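Structure first, then comments.
Per chain, numbering begins at 1; letters A, B, ... match sequence-line order. Quick caveat: nothing in here was measured; it's all calculated off a predicted structure.
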Amino acid sequence: MAINLNRPRRLPLVLLLSGLGAGACLGNAPVPNGACVSHADSIDCTTDGASAASLDLVAYSCTGTARPDDSPTYIDGVPQGLVCANQGSVASDGTQGYCCSLAITSCAYNPIAICDADTYGYQCRGADRPEALNAAIHCNQGVTEDDLINYCCSGVQRELGCVQSDSLGCSPRLMGWTCPAGNEPTAQDLGANKSHADLYSQLCPVPSPAANPNYTTFCCYTPGLVPVGGTCVQNMGVPGCQSGRFGFSCYGPDTPEMDFAPRMHCPDPGFPGVSAEGYPATLYCCDFQ
Amino acid sequence: MVSRARLSVFLGAFSLLGAAGCGANDEMPAIDYVCGTASPIESSGGAACGANDPNLPPEPTFPTDVCQTLTATRSSPTEDDPNDALDTARIQAALSACKGRAIRLTSDGPNDVFLAGHLEVNGVTLWVDAGTTLYASRNPDLYQKTGNCGALGINDSGACSDFITLSGAGPGIVGDGVIDGQGGEPLVGRDYSWWQSSYALREIDGSIGNPTLINTATGTTGLLLYRITLHNSPKFHVKITSSPADGTCTVPGEGFTVWGVTVLTPSRWTNSRGELLTPSFARNTDGIDPGANSIATCGVMACNTISTGDDHIAIKGGHWVSDVIIAHNHFGTGHGMSIGSETYGSYTSPDGVQHRGVEKVSVYDLTIDADSRPVGSEATASDFNGIRVKSDESRGGLVTNITYRDICMRDMTNAILVSTAYNPLFAGTLYPDFRMLTFQNIRHVTCMGVQRPAVTLEGFNAARHLGPVTLDNVMVDNLGPLDVAAEFSDITLGPGDVNFFPAGPGVTVTDNRVGGSTPRACVFPPLPAPDVPPDWLR
């Protein structure tokens, strides 16, 4: 199977083990308080015009921090659990609504997954993404972990992604992108003529403003192979790093110039800071050349 | 690692695993198949390929209006002299001067080689004569676009220009000669080949920017490839973007015609340094890809033979592909007769009609033979694909009115694969919308394969079903009950027999089988393969 290393977001192994890798060690997760009940009356799980029954979806309402899918199991390493799309608050007391798969699936809710706000994690096995198991859910790019794939999901439809733009005046070696503000280009945004082998890992700079203030632009670099053990990852939040320059967080002694030679040039020494993922790192601001 | 067929065509006749292995339905008639091959004449009944097919236009012919004839001055593609100007300039000058006509490359005794860098074939026909080979230069500097062309393992698919770019009205490449991309040979000034550079990205499934052997520019009309032999492309062999000049498909082939073309890659067992060359080593060497750059409509792909390291034919629906006939073709090693993975295309024609994805494709009289030659120790299951329709939510769209008829496959791992979650890692909102797919008179046989074949029919989810899919006289030998995977699909069986019964979540089956149909009689012609080096065991 094709594997996307998702290199710009790669974390050191030790961090992965304490984060994503904990899917099989859910005993570390906070114990939910509250309870869930099947609640077909007030929660509409209709999706794309199809009824909840035809989609094998079941509505739940949950109090406290309880979720219908918060008791997954692993049998011989295979996740087993419900896949639920959150529907937001359905009562004034904060009761949350969910539309869940009727049957147990090969995905397990992962309460300690590293996901953006408003999304939550599943760990799945096999070719079925969570969307295949629950038509009401939307998930982002999967990240492989041995035989399993980690997803961050939500019951809310994502915004449209970035569009490749050839008219931005990027260097011939860089790929131009226009994105809704707050977004950055990802592999799935690539358009035509990208066969299964075209799994890109891109490095993108600090975004530049577009004419429309609701959008930003990028000139992104497609690097070659990073040396084994390379620890530098993209960080668009390096203090003082201006639009169009490339920010990095390095967890080890290596530098962006070492990991992304010969194109990346970092004129100033690194300085201690915090990576975009929230871990101590050495920060760099570099230029593509 | 997959261990597969040996080099020589398997001539020993023995009865197959046959009905004993087809445990999905005990009422099916016994399946008899005798392994081996038949001559092309025997398999075609003696008539010229495609001659009696009412769906096809007449076979193309060679040009009668030859503007210039160029004679070879080389006997080998040696490229060691940095002052060698190659043949690029004189070929390009002739091409540029002969628009609307043809230029012919021909041999002169032992001088039978042309060697060139990037060429533009704009509204002209390039004719490579029998016994003549046009080699692509191995010098990456002649194809440089981004600075990464020829750089080892750089994930930049736009790094190089094409070897040949077709454009304009009615461009063509014809002839009984050869165009050789030299993908397995060391690059000038480097210690590695195009394929080795690509292979360095295999672990991350990355995409090298190697030159496409023959590409077409957007806006091309009436493209013709006829009888030419293509070898050893650094990456894709042919990418087709071509439609009828008036945008209307009144006669099949008005948009593009690929007839009698041979793709054989690698064409040798070893390169000039003695390094082994195998199909699985030649990554991303798709045979022919309609729709790769822009729309491709009203096409005929007939009587071709393709054996390569990636998809034999891959219809790319990133724009719009429609009205394509793929008939009387024979495939050897490769990744299959594919549609996708891009199927999200949308195109508004001048009359204001919006078209989407891939539609109205008819594939018939096709053989796909995994046993035609060994694939290599690097091979994976994907090296043994038959029919594939694939996409995922990052690149999905409409695929409909697709017919596969009269098809024989041998020793595939994936005999039929329809997958809307081709890569489960990819996220997006471009959901695959696979509708009318018909499989009729399909037969898969087992001779030397060590893996059981699989059939996969998978829609996206409960809200986005695959179908309607019709399976009519579809027989997959040596298929076990667990070798059929189906979900979220609406499937009709019959009226001909089908020796498996798809089942799974969200699967509805309408069983119209009446029984008594005869499995398609399969004959596999011997396919072109490299000669075995003299000191090798046979």
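In A/D287, the CG atom is crowded: over 12 heavy atoms of neighbouring residues, nucleotides or ligands sit closer than 6.0 Å. No more than 12 heavy atoms of other residues, nucleotides or ligands sit less than 6.0 Å from atom OH of A/Y215.
A donor-acceptor pair under 3.5 Å links the side-chain atoms of A/R129 to the main chain of B/F426, judged by distance alone.
With rounding to the nearest 0.5 Å, the separation of CG in A/L55 from CG in B/N461 is 7.5 Å. Atom CG of A/D128 and atom CZ of B/F460 lie 9.0 Å apart (nearest 0.5 Å).
Residues A/L133 and B/E487 form no side-chain contact, since every pair of their non-hydrogen atoms from C-beta on lies 4.5 Å or further apart. Proximity of A/I149 to B/P424: side-chain heavy atoms (C-beta onward) are separated by under 4.5 Å at one or more points.
Looking at every heavy atom in both residues, B/A462 comes nearest to A/S54 through CB-O, 4.3 Å.
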Please evaluate residues A/R263 and B/N148 with respect to the criterion side chain to side chain contact (heavy atoms under 4.5 Å, CB included), reporting the C-alpha separation (whole Å), side-chain torsions for both, the decisive distance (0.1 Å), and the verdict.
CA-CA 11 Å; A/R263 302 295 176 204; B/N148 289 330; 3.5 Å; yes

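Ranked by heavy-atom pairs under 4.5 Å with chain B, the list A/A50, A/A127, A/A136 is led by A/A127.
Looking at residues two or more places apart in sequence or on another chain, you find a salt bridge (Lys or Arg N to Asp or Glu O under 4.0 Å) between A/D48 and B/R464.
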